[in-house]
Asks: 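If you scroll down you'll find the structure; I have some questions about it.
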2 protein chains.
Amino acid sequence: MQLRNQVEWALHCCSILAGLPPGQRLSTKALAEFHGVPKPYLSKALQSLAQAGLIEGTLGPSGGYRLARPAAEISFLEITEAIEGRARSFACTEIRRNAPCLRADEQISGPCQVARVMWQADEAWRAVLRSQSLADLSATLEAELPERLLADAEAWVGARSAGG
Amino acid sequence: MQLRNQVEWALHCCSILAGLPPGQRLSTKALAEFHGVPKPYLSKALQSLAQAGLIEGTLGPSGGYRLARPAAEISFLEITEAIEGRARSFACTEIRRNAPCLRADEQISGPCQVARVMWQADEAWRAVLRSQSLADLSATLEAELPERLLADAEAWVGARSAGG
DNA sequence: CTTATTGCGGACATTCAATATCTTTAATGA
DNA sequence: TCATTAAAGATATTGAATGTCCGCAATAAG
């Protein structure tokens with residue numbers, strides 16, 4: 001039960017893209033360098049985000065990625081699901097139907113209680129992630145991080161972003 | 001982010017063991033047959049539960065497993081963690097520290113906000129599982145399942161349980 | 001005391017995630 | 001128009017984790 005490291009990378013990349021001036025793009029290369037992660041693999045995560053409609057990529061020189069929607073309308077859950085898929089963490093295989101003492105005419109209705117509890121927990125997890133947007137993240141970072149750090153990062157990113 | 005099928009098996013097995021008369025034991029063989037799952041693999045799951053102190057096994061003929069504690073004191077979370085481990089689902093590798101624009105004297109304090117949100121979601125998941133005990137599960141099953149089904153299962157299990 | 005039965009731990013195989021490489025496609029700028 | 005740059009997609013390779021099985025020690029019954 002472990003989330004892939006791509007989830008962490010995707011969240012941090014989206015955080016950077018959310019801080020970009022409107023319309024500006026940032027390349028996979030710059031994002032990989034900034035986070036110190038392998039570019040070819042990060043590219044896969046960004047592709048997943050693009051396919052999910054969260055970011056959009058542009059080809060050619062001065063190309064790169066930018067958010068496809070306002071940061072306030074992109075949740076942690078969407079980013080996580082773009083990488084991990086939308087399946088629930090608990091898969092019920094209905095093993096209770098394998099009981100050898102089950103008679104042919106005995107009907108079992110509805111999902112089993114074990115699965116219902118596990119799915120309830122899953123939904124609680126999703127609810128937290130659904131309630132947090134990229135805008136919330138940016139606001140917290142701006143409030144908590146030292147000013148010079150933010151300025152340095154903005155300058156570094158600004159020097160590598162392009163387009164409009 | 002998928003829980004192993006062992007989690008499902010472990011929960012259902014504990015549910016059966018919780019319905020056993022006090023002191024009675026049930027073998028891996030019977031549990032595997034009842035759920036229609038491979039016995040050698042189920043054995044591993046039961047071993048994990050035993051190591052976590054949730055159930056205890058007895059060797060020899062008429063041996064088998066029984067709950068190590070009252071059903072009301074064993075939660076879904078403990079069973080899940082016995083199989084999956086106690087690690088959080090999101091692992092923060094602090095990739096923010098890899099930023100090339102970070103100066104040597106710039107200090108970053110505390111866990112990053114991305115991790116904090118993911119851990120908050122994780123905790124919400126745990127809270128639900130922590131609130132559900134095996135006794136709760138048994139109560140719901142007895143209330144919802146047809147009486148004859150329960151009687152059939154109890155008879156089947158009773159014929160294969162032993163010890164005291 | 002022997003024998004059958006059981007849990008226990010370790011060994012094997014198979015799958016899947018993580019990583020890298022290469023080709024293709026498309027857009028920019030000279 | 002052409003060279004350059006970047007995303008998109010396909011395809012290995014490695015390594016860890018998951019699923020599967022087998023032999024050993026312990027125990028109770030005959």
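No experiment lies behind these values; they were computed from the predicted model shown. Labels below follow one simple rule: chain letters A, B, ... track the order of the sequence lines, proteins then strands, and each chain is numbered from 1.
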Asks: Map B:Ser43 and B:Arg4 onto DNA chain D by nearest heavy atom, then report which one ends up closer to the 5' terminus.
Replies: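 That would be B:Arg4.
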Asks: Does some side-chain heavy atom of A:Val117 sit less than 4.5 Å from a side-chain heavy atom of B:Thr140?
Replies: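 B:Thr140 vs A:Val117: side chains apart.
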Asks: If you check every side-chain atom of A:Ser62, which of C:dC8, C:dT28, C:dA11 has the closest atom?
Replies: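 From the listed options, C:dT28 comes nearest.
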Asks: Can a side chain N or O of A:Thr58 be found less than 4.0 Å away from OP1 or OP2 on C:dA27?
Replies: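 For A:Thr58, the contact criterion (side-chain N or O under 4.0 Å from OP1 or OP2 of C:dA27) is not met.
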Asks: How many whole angstroms separate atom CG of A:Leu42 from atom C1' of C:dA20?
Replies: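 So the CG-C1' distance, A:Leu42 to C:dA20, works out to 14 Å.
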Asks: Rounded to whole Å, please give me the gap between CD in A:Gln2 and C1' in D:dG15.
Replies: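 Answer to the nearest Å: 16 Å.
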Asks: Closer than 3.5 angstrom, by distance alone: can the side chain of A:Asp122 be matched with the main-chain N or O of A:Ser89 as a donor-acceptor pair?
Replies: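 Yes.
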Asks: Could you state the atom-to-atom distance from NZ of A:Lys39 to P of C:dT21 in whole Å?
Replies: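 One finds 11 Å between P of C:dT21 and NZ of A:Lys39, rounded.
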Asks: Is there a donor-acceptor contact under 3.5 Å from the side chain of B:Trp119 to the main chain of B:Phe90?
Replies: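 Yes.
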Asks: DNA chain C: B:Lys44 or B:Ser27, which has the more 5' nearest nucleotide?
Replies: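 Here B:Ser27 is the residue nearer the 5' end.
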Asks: Using a 4.0 Å heavy-atom cut-off across all strands, classify A:Trp9 as base, sugar-phosphate, or nothing.
Replies: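 Since only primed, P, OP1 and OP2 atoms lie under 4.0 Å of A:Trp9, the category is sugar-phosphate.
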Asks: Quick check for you: among C:dT19, C:dG7, D:dA6, whose closest atom lies nearest to any side-chain atom of A:Asn5?
Replies: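 Among the listed nucleotides, the one closest to the side chain of A:Asn5 is C:dT19.
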Asks: Please state whether the base of C:dT6 and the side chain of B:Lys29 form at least one donor-acceptor pair under 3.5 Å?
Replies: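 Checked by distance alone, the answer is no.
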Asks: Of the listed nucleotides (C:dT19, D:dA7, D:dT4), which one gets closest to any side-chain atom of A:Pro38?
Replies: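 Selected nucleotide: C:dT19.
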Asks: Closest to the A:Tyr41 side chain: D:dT4, C:dC8, C:dA18?
Replies: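 That would be C:dA18.
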Asks: What is the distance, rounded to the nearest whole Å, between atom CD of A:Glu56 and atom P of D:dA8?
Replies: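 A:Glu56 atom CD is separated from D:dA8 atom P by 11 Å.
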Asks: Check the distance between C:dC16's P and A:Glu84's CD and give it to me in whole angstrom.
Replies: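 Answer to the nearest Å: 15 Å.
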Asks: Using atom CZ of A:Arg160 as one end and atom C1' of D:dA6 as the other, report the distance to the nearest whole Å.
Replies: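 One finds 16 Å between C1' of D:dA6 and CZ of A:Arg160, rounded.
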Asks: Dump the intermediate steps for salt bridge (Lys or Arg N to Asp or Glu O under 4.0 Å) on B:Glu81 and B:Arg130, then the final yes or no.
Replies: CA-CA 11 Å; B:Glu81 283 186 336; B:Arg130 195 180 291 119; over 6 Å; no
Asks: I'd like to know if the side chain of A:Glu78 and the backbone of A:Ser75 have a donor-acceptor N/O pair within less than 3.5 Å.
Replies: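 Such a contact is found between A:Glu78 side chain and A:Ser75 backbone.
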Asks: Applying a 4.0 Å non-hydrogen cut-off, can you work out what A:Pro40 is touching in the nucleic acid: base, sugar-phosphate, or nothing?
Replies: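 The residue A:Pro40 makes base contact.
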Asks: In this structure, how many angstroms lie between the P atom of D:dT5 and the CG atom of A:Leu26, rounded?
Replies: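 After rounding, the reported distance stands at 17 Å.
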Asks: Taking only the side-chain heavy atoms of B:Leu59 (C-beta and beyond), determine which of D:dA28, D:dG19, C:dG7 contains the nearest atom.
Replies: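 Comparing D:dA28, D:dG19, C:dG7 against the side chain of B:Leu59, the answer is C:dG7.
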Asks: Is any N or O donor-acceptor pair between the side chain of B:Gln47 and the base of C:dG7 shorter than 3.5 Å?
Replies: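 There is none.
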Asks: A:Arg66 has an atom CZ; how far is it from atom C1' of D:dA7, in whole Å?
Replies: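 It is 14 Å, rounded to the nearest whole Å.
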